[in-house]
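Scroll down for the structure; my scribbles are underneath it.
Because only heavy atoms are used, hydrogens play no part in the values below, and waters and symmetry mates are left out as well, while side chains stay in. Numbers restart at 1 for each chain; the letters A, B, ... are given by sequence-line order, proteins then strands. Keep in mind that what you see is a predicted model, and the values were worked out from it rather than measured.
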Protein chains: 4
Amino acid sequence: MSDNDWLAHPFDDDKLKEECGIFGVVGVSSAANFTALGLHALQHRGQEAGGIVVHDPEQGFNSVRRFGYVRDNFTQQDVMDMLPGPIGIGHVRYSTSGSKGATAIRDVQPFFGEFAMGGAAIAHNGNITNADALRRELIERGSIFQSSSDSECIIHLMARSLQRNIPERMKDALRRVEGAFSVVAMTRSKLIGVRDPLGVRPLVLGRVTAESGDGWVLSSETCALDIIGAEFIREIEPGEMVVISEKEGVTSHRPFEARKSRFCIFEHVYFSRPDSILGGRSVYSTRENIGRELAKEAPVDADLVCPVPDSGTPAAIGFSLESGIPYAMGIIRNQYMGRTFIEPSESIRNMGVRLKLNVNRALVRGKRIILVDDSVVRGTTSRKIKEMILDAGAAEVHFRIASPPTAWPCFYGVDTPQREKLLAATMSEDEMREHLGVDSLRFISLDGLYRAVGEAGGRDGKSPQYCDACFSGEYPVEPADQIQKGFQLKAAE
Amino acid sequence: MSDNDWLAHPFDDDKLKEECGIFGVVGVSSAANFTALGLHALQHRGQEAGGIVVHDPEQGFNSVRRFGYVRDNFTQQDVMDMLPGPIGIGHVRYSTSGSKGATAIRDVQPFFGEFAMGGAAIAHNGNITNADALRRELIERGSIFQSSSDSECIIHLMARSLQRNIPERMKDALRRVEGAFSVVAMTRSKLIGVRDPLGVRPLVLGRVTAESGDGWVLSSETCALDIIGAEFIREIEPGEMVVISEKEGVTSHRPFEARKSRFCIFEHVYFSRPDSILGGRSVYSTRENIGRELAKEAPVDADLVCPVPDSGTPAAIGFSLESGIPYAMGIIRNQYMGRTFIEPSESIRNMGVRLKLNVNRALVRGKRIILVDDSVVRGTTSRKIKEMILDAGAAEVHFRIASPPTAWPCFYGVDTPQREKLLAATMSEDEMREHLGVDSLRFISLDGLYRAVGEAGGRDGKSPQYCDACFSGEYPVEPADQIQKGFQLKAAE
Amino acid sequence: MSDNDWLAHPFDDDKLKEECGIFGVVGVSSAANFTALGLHALQHRGQEAGGIVVHDPEQGFNSVRRFGYVRDNFTQQDVMDMLPGPIGIGHVRYSTSGSKGATAIRDVQPFFGEFAMGGAAIAHNGNITNADALRRELIERGSIFQSSSDSECIIHLMARSLQRNIPERMKDALRRVEGAFSVVAMTRSKLIGVRDPLGVRPLVLGRVTAESGDGWVLSSETCALDIIGAEFIREIEPGEMVVISEKEGVTSHRPFEARKSRFCIFEHVYFSRPDSILGGRSVYSTRENIGRELAKEAPVDADLVCPVPDSGTPAAIGFSLESGIPYAMGIIRNQYMGRTFIEPSESIRNMGVRLKLNVNRALVRGKRIILVDDSVVRGTTSRKIKEMILDAGAAEVHFRIASPPTAWPCFYGVDTPQREKLLAATMSEDEMREHLGVDSLRFISLDGLYRAVGEAGGRDGKSPQYCDACFSGEYPVEPADQIQKGFQLKAAE
Amino acid sequence: MSDNDWLAHPFDDDKLKEECGIFGVVGVSSAANFTALGLHALQHRGQEAGGIVVHDPEQGFNSVRRFGYVRDNFTQQDVMDMLPGPIGIGHVRYSTSGSKGATAIRDVQPFFGEFAMGGAAIAHNGNITNADALRRELIERGSIFQSSSDSECIIHLMARSLQRNIPERMKDALRRVEGAFSVVAMTRSKLIGVRDPLGVRPLVLGRVTAESGDGWVLSSETCALDIIGAEFIREIEPGEMVVISEKEGVTSHRPFEARKSRFCIFEHVYFSRPDSILGGRSVYSTRENIGRELAKEAPVDADLVCPVPDSGTPAAIGFSLESGIPYAMGIIRNQYMGRTFIEPSESIRNMGVRLKLNVNRALVRGKRIILVDDSVVRGTTSRKIKEMILDAGAAEVHFRIASPPTAWPCFYGVDTPQREKLLAATMSEDEMREHLGVDSLRFISLDGLYRAVGEAGGRDGKSPQYCDACFSGEYPVEPADQIQKGFQLKAAE
């Protein structure tokens, strides 16, 4: 099995991919066990690889980094025995920057550095938009990079800081960095959490009751607090750094100039788990709201509302509740998805999709079906699903999409195709309907999406409340490396 | 990793387990590739191990049998290259009879035997209730068993038959066998399918369009026809044997005395996939019907109807549609389930369940929740789910179960605990409610279940239309080996 | 890695291969640990695969059979924990009969059978010359074979015996069997050892001091007694069966008609380890004697006597001692031999041999070299070694071979090429010298070989003391299956 | 299998271990294939792990580093396909400095660094005696170390050099480094070889005929030239750096101040392969000479001269030739050595040694035996071998050791126990004889050893011709890090 079999999900190729999940804990007897559980709960944020670093007063720093699922790598006693100690951080990753296709294990986080005052490890969710420039500068000055990851810049900037403790060095380093970053880091005794000034990626603080007193947890999402029975305390604020130790608890720092925050609105639409809470709002309920908004904006007369499983489910329920059209599972997902099978020489129509999804033929035959999906990226899968539904005898197929047209790539930690591969970058909504061959196709409006996340007045065009660059083309941080490589920003209107 | 890591699903321990899925194909250029896809679609019927046997005119019989998922074992080119030929059969297995806990690879089907007139392989779904007696007799006469499986009796009985071709030897053998069996078998050129006279386990016939003419498919369920784009032709009849060859097509035989059929009603409730069609009925729709019947039989005033995912989903949708109470995903299933994690020394309440399920806290807080599940076996998981829901702040929890109380073990190919471990064998419905600690608990009635599967008049007490021994204790075939070991049948009333 | 990488030894292809080593022990606390050590010492008799079967009063029979070396398969605690109990047998194998090239794990011994009076396992060294006929007969009568091995006949014949205990059934079975066989077998409490009436393959009895009293050991060679610190008691006699139990010790049986024995003379030449004792004679000393005889029969004026390592070493020492020509290591063997490397596109002359052997260039330059090897089979390697020695600047190369020309295949448990591939089957000694391109080539005479093994009068032509069919073409047991397949015996003179 | 199973050689624990072998090639079509073969020939210099780095004009730098043998890691097509290109270097390693016991893969060489002018990789044989100090300084200035290896200092010093090409940066770096080092390095187009001013470790230059013109090879020993059919050109001189490119061939540089060389004399005694040529002398012949010197210095009346295999063999042959006492293989080595077996509960006397060696009992019984070994380190194995020989019935045992008493640790790239563990550090020769329990024990004298390597006048006490610190305690380079940790140099006399 090659290292990259985990990438072989033909169906999922047609989704944007969240890049990473991060987790950290301090003040418990076995940080690695908690971290493994936390990363398991965050596995949807990165399936390619994962790593855990811990520190133990007697055994120092230890690290295990592996390709594959958390459940396969961090459940065996012999592996976990290599990870003793009361403090640890972890990372799950889907490659965004760094090497693609042939990701090496050296690109798997957390990264570790030995400084004059001791070691530190960091795990990063997001993307540094000036990483290429920083890297060139650091190499010029004698730094040796071990990975192709943008995140490694942070640890080299820390190594060269003249500050005398690690939190201060981290502030130095992060002030040089542009882009989106939520970071969890650790020293021998301190757990550190930071969000960039815009707060593009999430990071939450929790408390876990431990025998030896209270432990503290940092996590990308609240669902990882639930799995370990931890209490949700609060979100880390945009631009905030928290430094946590067993003795002194949590102290808050503000290393950056204050800015208005721009949280990623796609976290609400797709990336985060439906049982997580973002910005005080249930992700599930937000998605149900999107479905309700969509039913209001784009009603259609039909027999059944069916989700494209699993991500379209909450919006489909919302659409059904608002429209009164019955909800049904018209498409069944195979629970045992995985690698690619070898196709028989008699080729099978849409085999890639069939491995994961099957139409509930007896249910859809002769019916007018509303299919609710979270997004359309390349449109390749949407076409195949439409074909399968029609093959099964559906009378009509209406697509309703729980996000606006995805017309721009994300440079803040999401794996998106190049702009020209995005269906909405080259076609109007009507052309897309034609291309997909469905009876109707409607996306939620940008304002409708903002209303669904609680902005009753919709999007503030002058100063948007969220980062929605993938829909609007308005990038809150200039993607410097990309522009250097020739990316063209949206022309000013 | 030990061979038995696949068993380490603590949550799923509280379900009845279907034992096997079988598949066969003839008349295509690469039978193994089709069989791998078919077994992948049948994986829910057996996750422990799987095997494929094929025959090629030049390379003879070849076989690969492995522990683990189809997607992991039968997707690599080097493995599939070992399996050439136009005819093949396959099997996925969860151990029922045969060795438990430490299942050896020698117990993994299909089984193969070399006879004087050539080789044959068989794959069996069901359980032979007089296997112990047959085995003793065969050993006494000089047969050497290679496995601990009940199914191996069939091939030894065939070896000793005086008939001169394999289909006739198979008839000889199966006439000696008691219990439930759907069998797929193959010779160098013939594909054979059989169902026992009661037709307890399913078996369907399909046709696949191949370049070299039409190919034929046998499968436990129709969902495996869908994945390969095959057309559903008909069910194999109870007591029927079909012999299929490329040249002569399908011929039907009736080797047994005719009896009224008794198909397993639990296939409708839980075992089969919702997108399969059983007895002409959509499994999904039947389960939705069960939910509707349950809402009529056991209504309750509440805020939300939530399934215990994923098996409770269609019944919950039906309950919601009938009752008008909104349907919602109050419990979210982790898609990356798998092995058991190591628990931190600070023990985590209900960690086993948390690995797989998480309560959607923001949704259920303060709400009166109806939880719809497919069955209650030991009740251990139901208790834990109830605790998690209450921990999350639900105001009330009402359980509605889409099957009658499971009070008797199955001896026809399902893995059930011993009778004394079944909650319903030792407690009344009211005691169970007390034991589970919920505000109300109601099971669908046996008549209600029969109505849901289309028997408008309910169960025919004198001559039931289905096998429902797990609910009723009325066993259509006497479980001879079990009685020999001390099992007590229900006292005549 | 495919299962057959163990076969990828291009150099060793030019040797006859001993087929199997067998070992058994009873009366110790952990039979499997002793058996693993014993098989490790017998590894030279079979490198492809190995297996161990044990019996424990509480846990019954257990078995592990694996491809690869004993040191890799039977040294891990988890594997050995699966093999508890005070009695066990083991087998190492190089495929002779049975499947070639793609040996399946099902062909790896020991074989096990469950009989009416309990289970038994057997391990066989040798070859059954009427196995094909027996197999046809058994299948006709309803036996199902699980392997392609000739040895499996024995266990099926035992299953069909009407005798009431296993030793008697084994006598019944072995009386039907023709060819060469040393067998170690076990029941729940008895260890059994047998040699065929001619005693072609070796088998020895030893005693190991155990805490719980004395344990008994059976082994192909005495070197496996040494590794476990066991005392050598005696050889099992040709035609003898010993039955050993903890309580009753060793009892001796004579199930066959008495015949004059014909032990394999090649065991002395090459198969057995030099530190073993065969027929009361040190194998090392015999080989040294062969070298001395060779120096007398075929002297030559030269500067150095060099062995082809490692098997030619003792004869080279003997040649040096007799001739007075200094002994030296002109060829060095790489200790880390193994798989085949990928050749660079710039192809390397004789790369296959270079991976294993290197000429000691500084030593041989300008010298007249006598190379002593144990045998010439196809002659391919001999040619390459000659080329390497000449490339390094040797002045002359004289081959002296420690066995007579190998002109006939062995059908008694040795892997030999077909007759036409044997160099000596198609060429005279002088043609061979020409073909190999050496300055002189001499084989020891058949009489010289007999003298070296202690037969002062040489070979008794009317009734030879040993089996020397590979040299003489005189087969002591008619190879019935081979004749059936067209093999032509040597014409009577 | 844990990463460290390769260390589990109990017998070999009683040897000094050479630390590393290095190899490089440029100007061929598949550098990796040649490098794999070269490393296979150098495997005796390091069995724990190995790595290869190559560069291809289109695919850039690629690297594979693995635990285990070359034959297991670098023989598979898929691995070698990851290593394209005409230039490459490789390294085999036994851990000396760097992490012990739990060596991480990050400590496996070659190391790679990306500099402003492009990448470079290095492989190092030897030990840097001021590595700790350099490391502290580099970390203080912002370098991040990825391994615990002393060799990584070199690449960080290169990264910080102000020179504008890599060979000049390497000179800068190596001038800061103290200790013993032979280095092979590469850029995109240049192969570089360096030996430290004392020339402690070997490095040779060879030429390989390639289709595209001549290729150049660097290797620790000449035996790696032989395996690929390369011609030996010359040794790299102590203090020399060669820079080799396809276009410009070999240019020689002298970056260090000239000093008298001090080659490691133990390379002649044990580390190098007998078929290699060091300083123009055949290693095999030198060892035979040592045996002859020993026979002159310490004659004894006995029946047989036996080597402790395999390293004692050439000296034993020399001893036999000089003394006229017959040479014989009294101890047989198991060719299938490897991991540690589990000992039966009935413990076996000297089991560790028995796994690897067996006494040729029939040969030694009643004889007076001279055992020739290469060295005595802790003496633990020597005692066990003596016991085995006596158990087998030898009349007398005389040890003759082919090196002087090893009384001091090596700090120049050899794995030695701490001084107090060395038998000769705490006992006189007579006490050692007593301790080992043999009839006599004699080591070759230091002068005798020098004579055997061709210094007719013996050792030049004022300015020794070799590094013999392990015997004499005279360290040619002060071991700065060790002194810092408390190591006490030999008191001036």
TODO: Report yes or no: does C/Arg354 contribute a side-chain atom to a donor-acceptor pair with the main-chain N or O of D/Ile228 at less than 3.5 Å?
DONE: no
TODO: Drop me the distance from D/Ser320's OG to C/Leu321's CG, to the nearest 0.5 angstrom.
DONE: 7.5 Å
- [ ] Go through the atoms of C/Arg361 and report whether side chain, backbone, both or neither lie under 4.5 Å from a heavy atom of chain D.
- [x] side chain
- [ ] Measure the CG-SG distance between C/Asn334 and D/Cys223 for me, rounded to the nearest 0.5 Å.
- [x] 8.5 Å
Open item on the list: Taking the ring centre of each residue, are C/Phe341 and D/His40 less than 6.0 Å apart?
Closed with: yes
Task: Shortest non-hydrogen separation from C/Asn360 to D/Pro274 and the atoms involved - done: OD1-O, 3.8 Å
Task: Selection from D/Glu288, D/Glu343, D/Arg349, D/Gln335 maximising heavy-atom pairs under 4.5 Å formed with chain C - done: D/Gln335
Task: Residue part contacting chain C, namely of D/Ile342, when any heavy atom lies under 4.5 Å - done: both
Task: Contacting moiety of D/Ile317, where chain C heavy atoms sit under 4.5 Å - done: side chain
Open item on the list: Please classify the contact between D/Ala31 and chain C as side chain, backbone, both or neither, with a heavy-atom cut-off of under 4.5 Å.
Closed with: neither
Task: Donor + acceptor pair across side chains of D/Ser29, C/Glu346 (<3.5 Å) - done: yes
Task: Sequence neighbours excluded, every pair satisfying salt bridge (charged side-chain N to carboxylate O under 4.0 Å, His left out) that has a member inside residues 309-326 of chain C - done: C/Arg292-C/Glu322, C/Asp310-C/Arg333
Task: Nearest heavy-atom neighbours spanning D/Ser282 and C/Ala362 - done: CB-CB, 3.4 Å
Task: Residues in side chain to side chain contact (heavy atoms under 4.5 Å, CB included) contact with C/Ser311, at least two apart in sequence or another chain - done: C/Lys15, C/Tyr270, C/Asp373, C/Asp374
TODO: Check whether any side-chain heavy atom of C/Pro344 lies under 4.5 Å from a side-chain heavy atom of D/Val28, and answer yes or no.
DONE: no
- [ ] Using modelled atom types only, decide if a donor and an acceptor are shared between the side chain of C/Tyr284 and the backbone of D/Leu363 within a distance under 3.5 Å.
- [x] no
Task: Under 4.5 Å from a heavy atom of chain D, the part of C/Met351 involved - done: side chain
Task: D/Ile227, part contacting chain C, at a heavy-atom distance under 4.5 Å - done: both
Task: C/Phe34 side chain near D/Ile348 side chain, heavy-atom distance below 4.5 Å - done: yes
Open item on the list: At a heavy-atom distance under 4.5 Å, which candidate from C/Ala32, C/Ala36, C/Ala41, C/Ser285 has the highest pair count against chain D?
Closed with: C/Ala36
Open item on the list: I need the residue from D/Gln77, D/Met388, D/Arg281 with the largest number of non-hydrogen atom pairs under 4.5 Å to chain C.
Closed with: D/Gln77
Open item on the list: Counting only non-hydrogen atoms closer than 4.5 Å, does C/Val283 touch chain D with its backbone (N, CA, C, O), its side chain (CB onward), both, or neither?
Closed with: neither
Open item on the list: If we define contacts as heavy-atom pairs under 4.5 Å, which of D/Gly215, D/Gly229, D/Pro314, D/Ser276 has the most with chain C?
Closed with: D/Gly229
Task: Short side-chain donor-acceptor distance under 3.5 Å, C/Asp275 and D/Asn358 - done: yes
Open item on the list: Using heavy-atom distances under 4.5 Å, tell me whether D/Val208 contacts chain C through its side chain, its backbone, both, or neither.
Closed with: neither
